[in-house]
Number of protein chains: 4
Amino acid sequence: MVVRSRLDREMDEDALRLTSSMDSDRNIFHYDLLVDYAHVIMLERQGIIGRESAGKIISSLREIEQDGFENLSRKFEDVHEAIEAKLIEMAGEHGRRIHTARSRNDEVATCLRLFARDRILDILAEILNFRSVLVKRSFEYVDAVMPGFTHLQYAQPTRLSHHLLAWHDMTWRDFERFLDAFKRVNLSPLGSSAFSGTSFPVDRDFVADLLGFNGTVENSMDAVSSRDFLTECIFACSSLMLSFSRICEEIILWASEFGFLKLPDEYASSSSIMPQKKNPDVAEIIRAKAGKIIGMLTSAMAIYKAMPFAYNRDFQEMNRILFDVMNETLLSCRVMVGMVEKIEFNLEVMKDKAGKDFSTATDLANLLAEKGVPFRTAHRIVGELAKKGNCTPSANEIMEVCRKYGVEITFDDDELRNALIPELSVERRRSSGAVSKENILRMIDSRANAIKEDERKLVGMKSRIIQSVNRLYDMVRSYEG
Amino acid sequence: MVVRSRLDREMDEDALRLTSSMDSDRNIFHYDLLVDYAHVIMLERQGIIGRESAGKIISSLREIEQDGFENLSRKFEDVHEAIEAKLIEMAGEHGRRIHTARSRNDEVATCLRLFARDRILDILAEILNFRSVLVKRSFEYVDAVMPGFTHLQYAQPTRLSHHLLAWHDMTWRDFERFLDAFKRVNLSPLGSSAFSGTSFPVDRDFVADLLGFNGTVENSMDAVSSRDFLTECIFACSSLMLSFSRICEEIILWASEFGFLKLPDEYASSSSIMPQKKNPDVAEIIRAKAGKIIGMLTSAMAIYKAMPFAYNRDFQEMNRILFDVMNETLLSCRVMVGMVEKIEFNLEVMKDKAGKDFSTATDLANLLAEKGVPFRTAHRIVGELAKKGNCTPSANEIMEVCRKYGVEITFDDDELRNALIPELSVERRRSSGAVSKENILRMIDSRANAIKEDERKLVGMKSRIIQSVNRLYDMVRSYEG
Amino acid sequence: MVVRSRLDREMDEDALRLTSSMDSDRNIFHYDLLVDYAHVIMLERQGIIGRESAGKIISSLREIEQDGFENLSRKFEDVHEAIEAKLIEMAGEHGRRIHTARSRNDEVATCLRLFARDRILDILAEILNFRSVLVKRSFEYVDAVMPGFTHLQYAQPTRLSHHLLAWHDMTWRDFERFLDAFKRVNLSPLGSSAFSGTSFPVDRDFVADLLGFNGTVENSMDAVSSRDFLTECIFACSSLMLSFSRICEEIILWASEFGFLKLPDEYASSSSIMPQKKNPDVAEIIRAKAGKIIGMLTSAMAIYKAMPFAYNRDFQEMNRILFDVMNETLLSCRVMVGMVEKIEFNLEVMKDKAGKDFSTATDLANLLAEKGVPFRTAHRIVGELAKKGNCTPSANEIMEVCRKYGVEITFDDDELRNALIPELSVERRRSSGAVSKENILRMIDSRANAIKEDERKLVGMKSRIIQSVNRLYDMVRSYEG
Amino acid sequence: MVVRSRLDREMDEDALRLTSSMDSDRNIFHYDLLVDYAHVIMLERQGIIGRESAGKIISSLREIEQDGFENLSRKFEDVHEAIEAKLIEMAGEHGRRIHTARSRNDEVATCLRLFARDRILDILAEILNFRSVLVKRSFEYVDAVMPGFTHLQYAQPTRLSHHLLAWHDMTWRDFERFLDAFKRVNLSPLGSSAFSGTSFPVDRDFVADLLGFNGTVENSMDAVSSRDFLTECIFACSSLMLSFSRICEEIILWASEFGFLKLPDEYASSSSIMPQKKNPDVAEIIRAKAGKIIGMLTSAMAIYKAMPFAYNRDFQEMNRILFDVMNETLLSCRVMVGMVEKIEFNLEVMKDKAGKDFSTATDLANLLAEKGVPFRTAHRIVGELAKKGNCTPSANEIMEVCRKYGVEITFDDDELRNALIPELSVERRRSSGAVSKENILRMIDSRANAIKEDERKLVGMKSRIIQSVNRLYDMVRSYEG
């Protein structure tokens, strides 16, 4: 072991198995090398190590990079130690200089932030795809009438396009949350060393810049000891997955007895025993992943609670949670895009059921209210009709019940018929953000523009980072030549 | 019951006890009245109800407001129904008009957002107080040396002021998170009605403005069905409470065997049996509240998972969680401000222990590295001294071990002594954000400025809202005259 | 304050508000008095305090009991301190003797266990009621055929009675878990004092016996410091609530588009705007409570994690969780009993849909398999028919597809028809525990017997405790005479 | 794909990656083969398939078993499908018969229970080892005095042996919980098929017996749809890990400033930068795992909540949680045994600090109480001394304070000295379960006997299962001959 200078005996084998993070560190192997490159280049630039050492170290690291993670020995505490051990094997005394002016504490914190930053960008891109699909499909079905539900009971007629836009707006906020998290994630802890900084004349800003960070986490104690960026990333993922879980729940319901959609074969499974089955397994798994990730957020927070400063090994258990949550969220995003893009909506079924179970009863109550009946009285009058099971009352029947409540109004069967037709019902709802066509078209338009804007923003964020990393690799190559 | 028009029988008593939210709705009693005022004023302005009805409703609501929450009957499903019932009792037919063009779905969502918005502002103000105390105390102890820990083992000397600034920066990010949440919270769902909007010509923007919102949640389905704003608020609270839990853990440890501080009596308890005890109960309770709130976030998310659109009664269980979490977080903030302000640090004890357990070993290794020894070799050499228990080696002893590792360097006891003195150790750490005095003074200065900036921002947010609500009450009074 | 002997200043008001448990201690007011009675009687019996003191203390406690919890001052840390303070007020110097040989540490642990024990017994009784209702209703609908689902898709015909028995068996195991928890709950910590026991000659077994405990938690450190009994109780509640959440989910689905049941008015709500609505609010709230209680278990565990011995104030935050979880679980139980008892099943709808979506496809595959076709091949053959949308194939059509797979079999349309009739399908499933009538009748019979057995067990547990408490009150009265 | 008979297109690649459980199914590869063997033998015994088919299937399965999990293709939904596909490849038409009279629903439920059952037995064995170590070390240090803490403040003197016995008793209850869980786990769902049983004449009891189960989960719907056995196993693990987290917290504290123990090198790490460090990483990781597993329980419950009957793919996400939790708990157990066995306690330090911070103040108050001063008054008198910082008052000083409170007592300095000596203090505490030597010896004795008893019980449980599995393999071999 590289770091056990003062200990006489190796770690117990079971204890090493329990405590080593080697397996999940595959997620940061690449980032650890980036950090190594940037750190070594800075050390040489600041005169802390010599050109020869820097060159030897960098060319060895390049080899390690090409060999890949799978060729690292698993018998180390973590990937940082494994790489350093291999580096020393390859570059000898030079390799023994890489850990000058740093600690695993700032090293791992930096790797985690690089991982999280890149995953955020990937997830943002997929959410944008998802939003695009929803806006596109909204436009496709802009007129389609469907039943709306509360408490899973038929409530009022609505429009499929409006419903899909609700899905859009929900995930739009998730998009925003990832953007907010990014601000706090893309900062460099490197140079904080164990927690008190270092007496070597390091240049933290230079390193931060090379790695595409937007700045540093300044206070060195804070930089190595804080994991709120990590819990925030997991929360942003949880929130997105909860949004997906709601959409998947509706997909599962709508593919079932409601009959509102057909699943694409590519996103369905069958049964090992019941040959007729076509099951929404993919939607179920995403729903379940949401449940899983709720718990993973809990895990991260329960681990983090009451951790004294500075570094504690407990933090390591949070890393794997971050990796798994962000990887699974990203994959779920991709699958959601494909699944929602290919779902076949049964517009006829939706239309047929739009007026089911007296779902235009509110329209009838509103009609009475417009005629001067206090709404609560109108509600009671219509409720009494519903209680009797009379969901298609005639004007006369209504007026009769009205009279019971001391209400004298007149209206004809035409007015009544209009009130009860789902297509007219939705079109009447012209309040801002409601289900009238004009509203929907306006919302489609504004969301399409917002997507374009967000795409521009995302391209900007990505290209800034790519430029930095390209510049870093240019420098790396300059040592090899 | 006001709304059970179509049901024959009252709800079972146990079932009502289980499902009624009356008790916790005390948190939104005030907000429900604000919503009622704004809604009624808008209804009249849009010609949906008459001036007389509006006047009668408003003067009755004023009475209800003055009577207070405690005078409402508890036999209702929720505060909305209770207020409407009482209003009808008082204002007769006029009262039966208040629920025109709205639903409890948009009503409760609006109340929740008003509650959350105001609590965020209160919490922001308290975090600012907390940050101010920390910066002030940092300045007070700018020179004080203390031991720093990793894994709760003596690690390196550091400075109390630097440590307090780490506490500051951690909670500063929590401050930012509440600001981000505010953007998504302070939007009005009102006018979305059940979920599809309304056919009455309501003016959503006018109402939003009266209530001090920054805009509306546009899509009416999204507006009544989404609770991600709620989970985000709870997450922001959790994150802050986790920060507090870490600080409290250190307070508990430092008040114990470490001996770094004395608790003020006002924030300590004693024992019912052991008369000599002075216990950190307050810090323990805040630590425990952090654990509790982790679970409350879990609760909210587990409830929310897989909820189909639009409203489901499950949402109601999330409300009480929001109330409790934000109330307890706010109170915890207040207590943290007072406790941290009054803690008495034992600077002498800190100073005495700053060099304990060979905590300047890194300085010694760095000294060797500066003389050309590869850091990893230097680490091993010093590690070997540590293993032998020799924590105050002479220059000769060190050179002897060096030779064992094939390292030939020379240095005298003065250099050595300097390396091992905690006060010099901290001052050598001049990397950006590290523990040298210059760094600390710079950080104190920039944090003090940031606090001023944040205060200005917060005052702006608050005054905008206060103006709106004042204007609303002016209108209310104009009906009463 | 009673216990702050060594502190100069009172606790800060906000801090007291944050840390006091007075409000939720109403749950253990009664139990604290029981503990006081038993402790004082024991003290006198052992000669630790005199007869006069004991008498004065007990008569004052009786008054406090009659005054009730509401008359206690709220300005104390907890109910124990509040009662002792009032006692001293009433009984003077005698009252100052009650805390001899005990600590709040063992006192509160005892109160919690008494509370938990009694709630377990109440919950057990309600689960028994629930199980009885299910067995009764199973018998009522023993023959009724209904569709069975996997992945919420029509899968195979089944029987309502069999389904209700599945609900029964699931909650039966919850019953068992509460029984198991009871063994570890109903033990007395009293006499452990702060954690190291006491030098006074107390009789722990005598007190345990008076309070109806089955024994003591022997090790005094363990007795005051362990809360695994508490997390276990919460887990048992969570598990039961999860069972209920599954049943409620089915009630919500079945009351919706599936149309399998009608909710009794007493367990339904309506809408404030949509007069026709009949909503399953009660089932939704119970489903949500399950989500809430998952988080409350999390809270308790997150608080408890890494707590050093012995008592820490953090434990107090776990108490309220215990109270709320057990109270809400008990109330949920009661409501479940009433709701499930009164649900009106739509047997006709169930029957009509039992064969929907080719749900007897497995029967057809089995028929082929019985005729020698390997099951996996039979599955493919029937799957191909399903793919074509042919859910009522003729014998000829089937044989044609068979030939495609190289399978030569013959059978006539009668065999085929039999295979596809839901009523025959269920009756064919005679494997142990399956849906044939014989199986179901046997299961009904054995469950009815198990319920009787469990009732006897429960009566035994309860009467043992009641006798103890009655004996304790007899003693109490003997002091008053 | 084996089971997608009715679907035209293969699953989308990302969707398959998201939904396939192949990777974690390595945990049940072995169990799936056991289930296959038992099922096939039963099918042949009942005349459902022929001897030749059974033989071919079994010999192919044997090959698959010898090839091992790593040689299965990863492109399947799960291990069940992968094995069946390979089997069909190897045994042709015969292989296509294995899935007769069963479904993956009952198959996977059976595999999970076999996994859980075996892990429970392993964990039980390790807890027994842990308990033995604790009892052994208690006996070793039966006399050693140490300080006891509440709120992490010096409270009263206690004994190390008594403290270790508290650790024992806490994990003893965890042992009991695993035993209770075992009763509900070791039951066979096999033969329940999709959920309604099967029309083939299977013998469920025979299969259950072959697999070493204690019986069947009778109701076929319940058998495939219930996962409360799984959450219970995870809870039992969580509870044990919470116990470990508390012990680890004390190990971390005691290895730090308290100085009560030295960690064995095999269970410690060092630092990559600070060469002098010896860190309790192993204890920290176990503490963190406890936090992680709290969240994993949450995950499982959040997934399970509101799952309708029968099988939903969501269940699959619970499987990996079960595997990971039980595997990590088992490994943690092993490490705890080793670590606690090798810890070196610093008895001298403990002894020196046993009386620190006036920790015998209670003894002094008790002394006054024994002399007739009401305990609460005695508490105040001693508290006043403590407030003045007088922790070694003379008899005169005490009597003076007493007089202030109107208390006239006399006692000499000898009595006083005795009261304040930690060794005498612990020996005075003779209440049942307290820290006097006699109590401790009695508890050691009874725990040693309980361990022997539990060992006997465990051996019985294990050998019953081993016999069954041996018999099953005998039958398997009889087909191969």
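Order of the sequence lines fixes the chain letters, A, B, ..., with proteins taken first and strands second; residue numbering starts at 1 for each chain.
- Residue contact with chain A, scored on non-hydrogen atoms closer than 4.5 Å, involves the backbone and the side chain of C:Thr150 alike.
- Contacts of A:Phe149 with chain C are absent, with no heavy-atom separation under 4.5 Å from either backbone or side chain.
- Between A:Asp281 and C:His151 the shortest side-chain heavy-atom distance falls below 4.5 Å.
- With chain C as the partner, the residue from A:Asp363, A:Thr360, A:Val382 showing the most heavy-atom pairs under 4.5 Å is A:Val382.
- Judged by distance alone, the side chain of C:Arg376 and the main-chain N or O of A:Ser272 form a donor-acceptor pair under 3.5 Å.
- A 6.0 Å sphere centred on CD of A:Glu415 holds more than 12 heavy atoms belonging to other residues, nucleotides or ligands.
- The heavy-atom pair separating C:Gln156 from A:Ile273 by the smallest distance is NE2-CD1, 4.4 Å.
- Residue A:Lys387 does not touch chain C at all, counting heavy-atom pairs closer than 4.5 Å.
- Heavy-atom pairs under 4.5 Å with chain A were tallied for C:Gly295, C:Ala378, C:Pro280, C:Ala365; the largest tally goes to C:Pro280.
- Heavy-atom neighbours of C:Glu400 CD from other residues, nucleotides or ligands within 6.0 Å: at or below the threshold of 12.
- Put simply, the side chain of A:Lys277 never gets that close to the backbone of C:Ala155: no donor and acceptor are under 3.5 Å apart.
- Only the backbone of A:Ser271 has a heavy atom closer than 4.5 Å to any heavy atom of chain C.
- Residue A:Ser256 touches chain C through both its backbone and its side chain, counting heavy-atom pairs closer than 4.5 Å.
- When all heavy atoms are compared, the tightest approach of C:Thr362 to A:Met274 is OG1-CG, 3.0 Å.
- Interface remark: C:Glu284 contributes side-chain atoms only to the contact with chain A (heavy atom separation under 4.5 Å).
- Formation of a donor-acceptor pair under 3.5 Å by the A:Gln153 side chain with backbone atoms of C:Ala255 is found in this model.
- Between C:Leu152 and A:Glu257 the shortest side-chain heavy-atom distance does not fall below 4.5 Å.
- Interface summary for chain A: among C:Ser269, C:Ala386, C:Ala306, C:Ala361, the most heavy-atom pairs under 4.5 angstrom belong to C:Ala361.
- Contact of A:Asp357 with chain C is made through the backbone alone, with heavy-atom distances under 4.5 Å.
- At least one side-chain heavy atom of A:Leu253 sits under 4.5 Å from a side-chain heavy atom of C:Leu253.
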